[in-house]
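Below is one structure, written out as structure tokens; comments come after it.
Residue numbers start at 1 and run along the sequence shown. Just so you know, ligand 1 is whichever comes first in the structure, and atom 1 is the first atom listed for that ligand.
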Amino acid sequence: MPNPLIEIQHLSKRYGSIWALRDITLNVEAGTRLTLLGPNGSGKTTLIRILARLSSPSSGSLKMFGSDLHTQGDEVRKQIGVVSHTSFLYPALTAVENLTFYAGMFGVSQTTETIESLLYEVGLLERQHDLVRTFSRGMQQRLAIARAILHQPTLLLFDEPYSGLDGAAVNLLQHILTNIHHEGRTIILTTHNYRSGLDFCDQAAVLVSGRLVYYGSPAHIRIAAKNPDFPETPG
Ligand code: ATP
């Protein structure tokens, strides 16, 4: 059996006296859609930030793409795309201009066709020449996805994709993420919304106060949610 894409062993992250993550052990196979669930402050963003190499663990080990965190070069970073609350888009530029700007910044070669194909993929081709400040939250999320996959990463990390979106926008976003997954990408996203989170995943991990308390298929988590000690399940 091939090695997992991501191997997390006894990983912890401390901010002073606060344990953002405690002793997390988790493997993610290539091609998996993994949802990180949990209430506010449970450690989801911290884990995404560590996977994105924006933050380092306090202890424990993390292997990605077969190499240890401490020995990974920039090659690993090139295989990761990130969408987070802080993914900045320029409101006074058009969708095309935003992608062209970021492609240049990331050193990704692009043509009009590659940019148009990305915008088509996220359902924004018809709005390509509109200013981003005229876009809804859902449209901005979709443009942020296009930006995150400009360099064709194999792993997409997405922090709180459903936040601030209505049901129709969530459905559209999940449809686009499904297509991106079918292209062979592994997707890890966070949400505190159990319903949306379990609708779009192969595996789910539930974090509470930095600890991994449940892990399994959506069906497994739905059964576990019937336990009285299961964390509160908004949505
Ligand atoms: P939310 O859904 O509210 O974003 P979360 O599950 O993503 O929550 P984290 O943001 O990872 O949780 O936070 C986990 C814990 O770590 C919280 O107690 C938070 O206050 C703390 N924390 C996170 N980042 C920092 C930081 N830079 N400095 C200090 N404490 C932090």
Side-chain angles (χ1 to χ4, degrees), residues 6-28 32-62 64 69-70 77 80-89 137-138 140-142 144-145 147-148 155-167 169-170 173-174 177 186-216 218 220-222 224-225 227 229-235:
I6 300 172
E7 292 177 73
I8 301 170
Q9 296 258 350
H10 303 295
L11 186 140
S12 295
K13 175 73 180 180
R14 273 179 84 157
Y15 292 104
S17 60
I18 297 169
W19 288 87
L21 293 172
R22 284 186 199 226
D23 199 24
I24 303 288
T25 292
L26 177 69
N27 286 349
V28 184
T32 302
R33 297 171 302 165
L34 170 67
T35 294
L36 303 176
L37 291 163
N40 289 343
S42 55
K44 305 179 298 292
T45 299
T46 302
L47 186 51
I48 286 280
R49 284 178 55 79
I50 290 173
L51 293 172
R53 298 165 41 121
L54 297 169
S55 175
S56 302
S58 307
S59 59
S61 76
L62 169 62
M64 295 173 77
L69 181 70
H70 301 294
R77 196 183 294 271
I80 304 172
V82 185
V83 189
S84 73
H85 322 278
T86 52
S87 296
F88 185 76
L89 296 167
R137 168 127 182 94
Q140 293 192 21
Q141 285 283 51
R142 288 187 272 130
I145 294 176
R147 188 187 80 156
L155 170 65
L156 183 66
L157 305 172
F158 206 152
D159 196 14
E160 292 287 352
Y162 311 127
S163 153
L165 302 188
D166 63 22
V170 168
L173 193 68
Q174 290 186 332
L177 288 173
T186 305
I187 299 180
I188 303 180
L189 59 81
T190 72
T191 181
H192 53 267
N193 184 315
Y194 280 70
R195 191 182 305 155
S196 303
L198 293 178
D199 278 350
F200 179 84
C201 70
D202 305 302
Q203 301 290 322
V206 182
L207 298 173
V208 177
S209 303
R211 289 189 191 280
L212 178 62
V213 292
Y214 288 98
Y215 176 76
H220 172 94
I221 301 295
R222 285 191 183 99
N227 291 341
D229 63 342
F230 195 82
E232 200 184 325
T233 58

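No donor-acceptor pair closer than 3.5 Å links the side chain of T35 to the backbone N or O of L37. Looking only at distances, no side-chain donor or acceptor of T46 sits under 3.5 Å from a matching main-chain atom of A20.
Atom 24 (N) of ligand 1 has its closest protein heavy atom at Y15 CE1, 3.4 Å. Taking atom 10 (O) of ligand 1 as the reference point, the nearest protein heavy-atom neighbour is T45 CB, 3.7 Å. Here the heavy atom of the protein found nearest to atom 18 (O) of ligand 1 is I18 CG2, 3.8 Å.
The only option from L207, V206, L34, T25 that meets the side-chain contact (heavy atoms from CB on, under 4.5 Å) definition with Y215 turns out to be L34. Among I48, L212, L157, the single residue meeting the side-chain contact (heavy atoms from CB on, under 4.5 Å) criterion with L36 is I48.
Under a 4.0 angstrom heavy-atom cut-off, S55 registers as lying outside contact with ligand 1.
Heavy-atom contacts of P39 reach the following atoms of ligand 1: 6 (O) (cutoff under 4.0 Å). Below 4.0 Å from some heavy atom of E160 lie the following atoms of ligand 1, by number and element: 2 (O). Interface of K44 with ligand 1, defined as ligand atoms under 4.0 Å from a residue heavy atom, comprises 2 (O), 5 (P), 6 (O), 7 (O), 8 (O), 11 (O), 12 (O).
You'll find the side chain of L155 reaches within 4.5 Å of the side chain of I6, heavy atoms only. Side-chain contact between Y162 and Q174 is present, with heavy atoms from C-beta onward closer than 4.5 Å. Taking 4.5 Å as the limit, every side-chain heavy atom of F200 sits out of range of all side-chain heavy atoms of L173.
Using a 4.0 Å cut-off between heavy atoms, D159 makes no contact with ligand 1 at all.
Checking S163, A20, S209 against atom 16 (O) of ligand 1, the nearest heavy atom belongs to A20. Scanning T46, L37, N40, I50 for the heavy atom closest to atom 11 (O) of ligand 1 points to T46.
For the 3.5 Å distance criterion, the side chains of D159 and T190 qualify, holding a donor opposite an acceptor.
Residue G41 has at least one N or O atom closer than 3.5 Å to an N or O atom of ligand 1. Some N or O of G43 is nearer than 3.5 Å to an N or O of ligand 1, by distance alone. Geometrically, ligand 1 and H192 share no nitrogen or oxygen pair separated by less than 3.5 Å.
A distance below 6.0 Å separates the ring centres of Y194 and F230.
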